[in-house]
Amino acid sequence: MAALLRAVPRWRGPAAWGRPLHGLWCCSEQDPSRWVGSRPPTMKEMPSGTETEKFQMVYRFDAIRAFGFLSRLKVAQTALTVVALPPGFYWYSQGLMTFNSLCLVGGVAGFALAMLCWMSHFFRRLVGIVYVNESGTMLRVAHLTFWGWRQDTYCPVADVIPLTETRDRPQEVFIRIQQYSGKQTFYLTLRYGRILDREQFTRVFGMLDVPK
């Protein structure tokens, strides 16, 4: 995973093919809340009163675009593998496929499903952008859905466990964003991500010895 993170910033990805997916996680320089892509993010658990409140970006992980593309690619690959099972059973019943070949197709499909579940479990918790509202009481976390699209989740800052109270270290590849309520855990990387507002980030997550 660390090798993939090191390779992503040097890989232009879908941008080299006419940039069909670039806008999904790319915002304009003038207005970070305005997305270049045509598909708006999905809002999850939006608290009342946040519709008109402004949020400031404090953290950004640029490689999230590549992870979203990889997630969608994995879903498509798994779907194609599973779709091949019914024809395989049919060909086996007609004597056109050996039992060993059928077992191979089934094993590949099972492995693809297992990998999809594992990758989805991680990708859905990988943080792309962190926002904090003007009053510093609400956190908005932009992460991926199962299908590789963006989703925004809100949680009160008071419910966020400071990183200084956890066993995670800033030098690790991934550190966890945990809540006292135990609702959901997210992962962000300080090694490959960028802290845009160090003061606000420190107010939420505590004083950390992270590279500037």
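Only heavy atoms go into these numbers, but all of them, side chains included; no hydrogens, no water, no symmetry mates.
In the model, N100 has no side-chain atom that pairs as donor or acceptor with a side-chain atom of T98 under 3.5 Å.
When hydrophobic side chains of Ile, Leu, Val, Met, Phe, Trp and Tyr are connected at separations under 4.5 Å, M97 ends up clustered with L85, F89, Y90, W91, Y92, L96, F99, L102, V105.
With R60 contributing its side chain and V58 its backbone, the two residues share no donor-acceptor pair below 3.5 Å. Checked by atom type and distance alone, the side chain of R72 pairs as donor or acceptor with a backbone atom of G148 at under 3.5 Å. The main-chain N or O of W147 is never found under 3.5 Å from a side-chain atom of S71 such that the two would form a donor-acceptor pair. Although no hydrogens or angles enter the test, the distance criterion places no donor-acceptor pair under 3.5 Å between the side chain of Q179 and the main chain of D159. Under the 3.5 Å distance criterion, the side-chain polar atoms of H143 are matched with a main-chain donor or acceptor of R124.
Within a 6.0 Å sphere centred on OH of Y180, other residues, nucleotides and ligands contribute more than 12 heavy atoms.
Ring geometry for F122 against W118 counts as parallel: the plane angle stays under 30°, on a 0 to 90° scale with 60° as the upper cut.
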Could you walk me through whether Y154 and F55 pass the ring-ring contact (aromatic ring centres under 6.0 Å, His included) test, one step at a time?
-> CA-CA 11 Å; Y154 294 82; F55 282 78; 5.7 Å; yes
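Considering only heavy atoms from C-beta on, F174 comes within 4.5 Å of L126 through its side chain.
Separating the CG atom in L163 from the CG atom in L190 is a distance of 7.0 Å, to the nearest 0.5 Å.
Residue T81 comes nearest to A109 through the heavy atom pair CG2-CA, 3.3 Å, listed as atom of the first residue, atom of the second, then distance. Heavy-atom minimum distance, M57 versus L196: SD-CD1, 3.3 Å. When every heavy atom of M138 is checked against every heavy atom of V157, the shortest pair comes out as N-CG2, 3.6 Å.
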